[in-house]
Structure formats: structure tokens, C-alpha cells
Amino acid sequence: MACELCVFLWCLCVSEIQCHDWGVWSKGSVRVYDGEVAYLYCPLFSHPTLYSYSQTQNSSLSLLWYRHPHTHELEQPINLKLHTLHKDREYLWIQPASAQDAGLYICMLRNISSCVKIGVELEVIQKDGECDRRAQPHLNLTIPFQSDQTLTCPNLNTLTLPNSTHSVSWYHLCRTELFRGDRELKGDDLVIYRMMEPYTGLYTCVVSYQMNGRTLQFTRNINVIAVVPDVGSKVPIVLNPASDQIYTVTLGDTATLSCRVLLPHLYEEKQYIWWTVDNKTLEQLADPRFSSPEAKLVSNDYGDERKERVLYVMDFSADDLQREFNCSARNSRGINTSRAVLKTEPYVPTLELGCGLGVTLALMLMMFVIYHVFWLELLLLYRSWFGSDERYTDDKQYDVYISYARNSEEEEFVLSTLRRVLETEFGYSVCIFDRDSLPGGTITDDTLRFVGQSRRLVVVVSPCSAVRGTQALLELQAGLTSMLHGGSLRVVLIQFKPVQRKSWVKELRRARLALTLVRWQGEKSAPLSSRFWKQLQLELPMRRNTQHTQHTQHTQTLLPDITQHTPDTHTQNTHHAEEKLIDPYSTSAL
Ligand SMILES: *[C@@H]1O[C@H](CO)[C@@H](O)[C@H](O)[C@H]1NC(C)=O
Ligand SMILES: *[C@@H]1O[C@H](CO)[C@@H](O)[C@H](O)[C@H]1NC(C)=O
Ligand SMILES: *[C@@H]1O[C@H](CO)[C@@H](O)[C@H](O)[C@H]1NC(C)=O
Ligand SMILES: *[C@@H]1O[C@H](CO)[C@@H](O)[C@H](O)[C@H]1NC(C)=O
Ligand SMILES: *[C@@H]1O[C@H](CO)[C@@H](O)[C@H](O)[C@H]1NC(C)=O
Ligand SMILES: *[C@@H]1O[C@H](CO)[C@@H](O)[C@H](O)[C@H]1NC(C)=O
Ligand SMILES: *[C@@H]1O[C@H](CO)[C@@H](O)[C@H](O)[C@H]1NC(C)=O
């Protein structure tokens, strides 16, 4: 008993080991609608040279069907006693199939000495209504325009059941049509007599038949595609490179040459597109610099395809320019070739250029900002480098002549701030004519003389009421006259307090546009680094060394000269006064 079991197990083992497994034949997978008839074809017989059904009889091979449900680990023999399953030669019928029938089916051919098996997948899907517009076709059928074609429901001829009475219904795009004129129902088939564009699309046929008193059915979908008729030469045409086309390449860069070809529609035929370099294919050339990916479909016009194949040449060199780049296309009807004419373009490093441009722009922006924030400083700096010291080119005595309205609000500013800074901080020689220091007598000549001896006339603007008929007006007139008549004097205006333009003296109003106005902004202008002083300095003559060491030498007040006119006190120290800072205001108190 134990030995019998042992022998049985050994046999089982041997048969398992010997059976040659061909795996799963994915091309043969079957998709059926739930509730419809499915039949599976044993894929072993799709190679008639290896196995044919009639031969199995002579080799005493038997065909067995197993099932490998997704829910189970092991294969199970098909129970053919079930009335839904029926084995017919190399077919296994499932009439009808339901969702539980889905899975892997294995057909096995076996005799004592050999065994072979292969699997095929059954997919059961739900039918989306009576007719499924988006159904995957079981068959693609191309029909040339104007030609005729008979549509037969696929697998109808495999229905070899005895005495089966069946019917076939046809749909086009899920519509039951009458099929009159160019299309007609003939028996089980649908005939298209003259193919036209509206006849393209999905055709559905539903076959129903009676068996064992039950009505069974299956549905097949055919996708009908119209193609251009097979007339004309059908030789491929290389569209690009066109005869007058010039490809621009850049030395040192990767050249991209595009070849576009029109491949006329031909049934079941592989057509070729390739690039050659000096009549060598890229395989023959075997240079890694050259590459050409598979052709891409650009358009499909009723079967006439336009395809593009690109040739990349890395590090395009001057030598490459001498080579012959040809694109060719071939099918059974002929061959067409076209040469790509190349032209070089100097290497423009776009990235570097972009960076350079970016840097330049950034610099320009920076300069712009710097200029707007520091323009006064820049101008001063520029002047200190390139400006010339007027002292060496004229023989004037004073740098600045300050004109202001006496006894006005501006007076204290002029005498305590403006004058001090100009003399001690900037080292200018300043002249202030103090009328009060003159005991009567005419001053016109002196005023004109001293204004003429100055390089700048700084006018502190006051309302006209304070100026009219005073020394200040005289100074202003003298300065403007000198300036307008081409003298070397320049007039600069300082506004200590806002004074309405219309209350300016008319001489000043006339000349305003030609003159620079520097505004005192109160406390803000007090520090030497303020805009006020920088702006003022810019208007005054240049001093290369605005150091205190020089100021005594250039500082003068008008007092000593004026005092010559006064037989008063202080005559003895008139010339020594040049060495000292004498406040004319305090002198005026004399
Ligand atoms: C099978 O054997 C029969 C005779 O028994 C013979 O007529 C037939 O040609 C054989 N078929 C094949 C495929 O060998
Ligand atoms: C078994 O089948 C093979 C073909 O697959 C055949 O060559 C062999 O002769 C058969 N063996 C027997 C005993 O019929
Ligand atoms: C039909 O053609 C479509 C598109 O070209 C393709 O995806 C599909 O696999 C084809 N079907 C069959 C059964 O050949
Ligand atoms: C098949 O049809 C024939 C006549 O066409 C009839 O004589 C026969 O009885 C039928 N067989 C069955 C199984 O229905
Ligand atoms: C290109 O080479 C082939 C052989 O590879 C040769 O038959 C053909 O004549 C050559 N064509 C030209 C234009 O040299
Ligand atoms: C390629 O086709 C074009 C257009 O039909 C034709 O002008 C040209 O002569 C053909 N070239 C070759 C080499 O056959
Ligand atoms: C390249 O194409 C031109 C036509 O553009 C043709 O005359 C020439 O013979 C072709 N060269 C090769 C090597 O095929």
C-alpha cells in the first residue's frame, strides 16, 4: 500500500518536472462581456509546424485544460461536466462566462514521454449598455477609399456547433442602421461597396444562437479605418532636407538635423528612414558623436504617414562641414535620398553672453543707484581729480564774495555759520563788504572792485524789501553785470529761508534760471557732510587741499582795505589783520 502511494507520487513528480512550461501567451488573452460566450484557443496550435491538432491524434497526445484562478495557488483541472464548459478540438468554450470565470487558463499537451503547456488569460468585463462606444476593438480593419470590403463578424466561423441556428446584428457607432446604398447586409456579413469617410469608426456585431434550449451570444468590435487607395508610385518622399533648404550649424555646438519623410500607406510593411554620413550609416560610422533616435510620427493622413528622424552631431567641427549628410527613406516600392546642405554660424555662447549681459545690467543699475545717491560726492571727487585750480589761472584776490541783506534774518547765518565754514573748514578766502563799517562816502567803486576781485559771488537771497536800495542790491547788480558780460565771476544763490519768488528783486528773478540755488534746510544742513555744503562746495572754486593749514593764507576780510578809507582807529594793524580772522560784524560795531 505504502509502495503503491510511493510509485504514484513518483509518477506525479516526473510528469510535473517533464512538462515544458511556455508561460503565458499575452497576445492570446481574451476579453468577454459578462454573460456572453467566451472561447479560448489553445495557443500551442498557433505554431502549426510544432503542433497541429490532427497530429496530436497520431502522437497519442491529449489536450488537457487547467485553470489557475487568481484566488487559488494551484492549477485545477477543468470540470468539463459543468454544462457551461465545452471542449471542442483546440477550443475551450465557456457558455456563458461570468465574472467568476476570469483568470488564467492553461492548456497542456501530454503523452507518456512528453508534456508541454501554455497559459492564456480570460478577462470578463461588464458591458456598458447594449453597445459600448468606447470598446476596445477586436480587430482593426483598414479599407482604401472607393474600394469595397466585406465585414464578417470575427469568430463566427468557429461556431461549428451542429444544428446551430444563429443570427447576427450589426451596429455602426452603436447605431442600428438600415445599411442601404453603399453598405448592405448580406447574410451574416456587412458589405461596404464604396468606402467613404463617414463609414469609418467602430462597428459592432452581436451573434446570438440557441444551444441546449438556451440563447447564447457574443459581441465583437471592429474598428474600420479609411486609407488612401493603393495608386501612384508609393515611393517614400524625403520632404526635408528640401533641395533649397540650408541647415545652420554652429561650430563647437551640437548640430540638430531634422529629416521629414512622407511614407505612403502600404499594407503590413515596415518602411525605413535613416541618416548617412559620407554614405555610411551611423552603425558603420560607430562614432559616439553621431546619434539618431527612432523616427517619430508627425502626422497620419489616412495611412500616409509623415515621420521625422533627427540626427544629432555633437561638437560639430569644421571637418564635419565637409561631410555629406544624407537622409534616406525606403520601402518595397523604392528609395529616396536628400542631402542636407550646411552653413556655419559663429559660435555664440548664449549662456556666457546672457551672464555677461546680466552682469552689465546689474552694474549699470548699481551705477545708476550710486550716481543718484552719491552724485554730489561723485561730482566732488571728479572735480578733485580732473578740475583745475582757478588760482593758478587768474589773478583774483578772493574766492568768495558774500552778499546779503544787512540787519536781516540771514545776517547771523552769514556771519556765524557760512563765513566760518567757508574760511576755516574749506579754506576759502572770503570777502564781506560791510557798509556799516564805512562812515558815509561812496562805496560803489569799492563794491565793484571787490566783486570784480572775487571768483564767486554768493548771494544770500532775501525778500526784496530787505534788499532794495541797499549794499546787497549793489553787490548783486555788480555780480550779475560782471557775469552777464562774460566776466570770470559766477553767481551762486543761497536760500536761507524760503522766500517767495515774486518777492525777489527783479534783477534776481531775471537771472534765476541761469543761476544755481542752494537751499539751507535748517538743522539738517548744519553738519559739514550735509547736502547743502557739498552742493555749495561744488559751486565754489576747487581747492585741492581744503585743509586748515592753508586757510590763514587765503583768508582775508575786506576790513583792512576798507579801513584805509577811514582815518579812524586800527590803521596800524590793517595788514596784520590778514593773518587773523576778523569778524566784520564786530568791526561794524566800532
Ligand atoms: C496520422 O495518422 C493517420 C493514419 O493513422 C495518417 O493518415 C495521418 O496523415 C497522420 N497525420 C499526421 C499529421 O501525421
Ligand atoms: C509524444 O509526443 C511527442 C511529440 O510531442 C512525440 O515525438 C512522441 O513520439 C510521443 N510519444 C508517444 C509515446 O507517442
Ligand atoms: C488597433 O489599433 C489601435 C491603434 O492603432 C491599437 O492600439 C490596437 O491595439 C489595435 N488593435 C488590434 C486588435 O490590433
Ligand atoms: C440537426 O438537423 C438535422 C436536419 O438539418 C436533423 O435531422 C437533426 O435531427 C438535427 N439534430 C439535432 C441534434 O437537433
Ligand atoms: C553608397 O554606398 C553603397 C554601398 O554601401 C554603394 O552601393 C553606393 O553606390 C554608394 N553611393 C554613393 C553615392 O557613393
Ligand atoms: C526623391 O523624391 C523627389 C520628389 O519626388 C524627387 O524629385 C527626387 O528626384 C527623388 N530623389 C531620388 C534620389 O530618388
Ligand atoms: C546624397 O543625396 C544627394 C541628393 O540630395 C544624392 O545626389 C547623393 O548621391 C547622395 N549621396 C549618397 C552618398 O547617397
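One-based numbering, in listed order, for ligands and for the atoms of each.
Annotation: cation-pi pair K87/Y91 absent, no NZ/CZ under 6.0 Å from the ring centroid and within 45° of its normal.
Counting the atoms of ligand 3 from 1 in the order shown, those under 4.0 Å from a heavy atom of H138 are 13 (C). Counting atoms of ligand 6 from 1 in the listed order, those under 4.0 Å from a heavy atom of I335 are 14 (O).
The heavy atom nearest to atom 8 (C) of ligand 7, out of those in N336, N326, T337, is found in N326.
Taking a distance limit of 4.0 Å, we find that atom 14 (O) of ligand 7 is approached by some protein heavy atom. For atom 2 (O) of ligand 6, a protein non-hydrogen atom is found at a distance below 4.0 Å. Distance remark: protein heavy atom present below 4.0 angstrom from atom 11 (N) of ligand 6.
Annotation: side chain of S169 is not in contact with side chain of T176 (no heavy-atom distance under 4.5 Å).
A donor and an acceptor atom, one from each side chain of Q126 and Y33, are nowhere located under 3.5 Å apart.
Atom 9 (O) of ligand 3 has N140 ND2, 4.7 Å as its closest protein atom, hydrogens excluded (heavy atom only). Closest to atom 4 (C) of ligand 6 among all protein heavy atoms lies I237 CG2, 4.1 Å. Regarding atom 5 (O) of ligand 7, its nearest protein heavy-atom neighbour is R339 N, 2.9 Å.
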- request: Would you check, one step at a time, whether the test ring pair (Phe, Tyr, Trp, His ring centres under 6.0 Å) holds for Y171 with Y203?
  value: CA-CA 6 Å; Y171 304 87; Y203 285 79; over 10 Å; no

message: Quick one, Y267 with H265, criterion ring pair (Phe, Tyr, Trp, His ring centres under 6.0 Å). Give me CA distance, side-chain angles, the key distance, then yes/no.
response: CA-CA 7 Å; Y267 281 100; H265 176 260; 4.9 Å; yes

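Sequence neighbours left out, not one pair with a member in residues 123-143 passes ring pair (Phe, Tyr, Trp, His ring centres under 6.0 Å).
Residue contacts with ligand 6 do not include V235, since none of its heavy atoms lies under 4.0 Å from the ligand.
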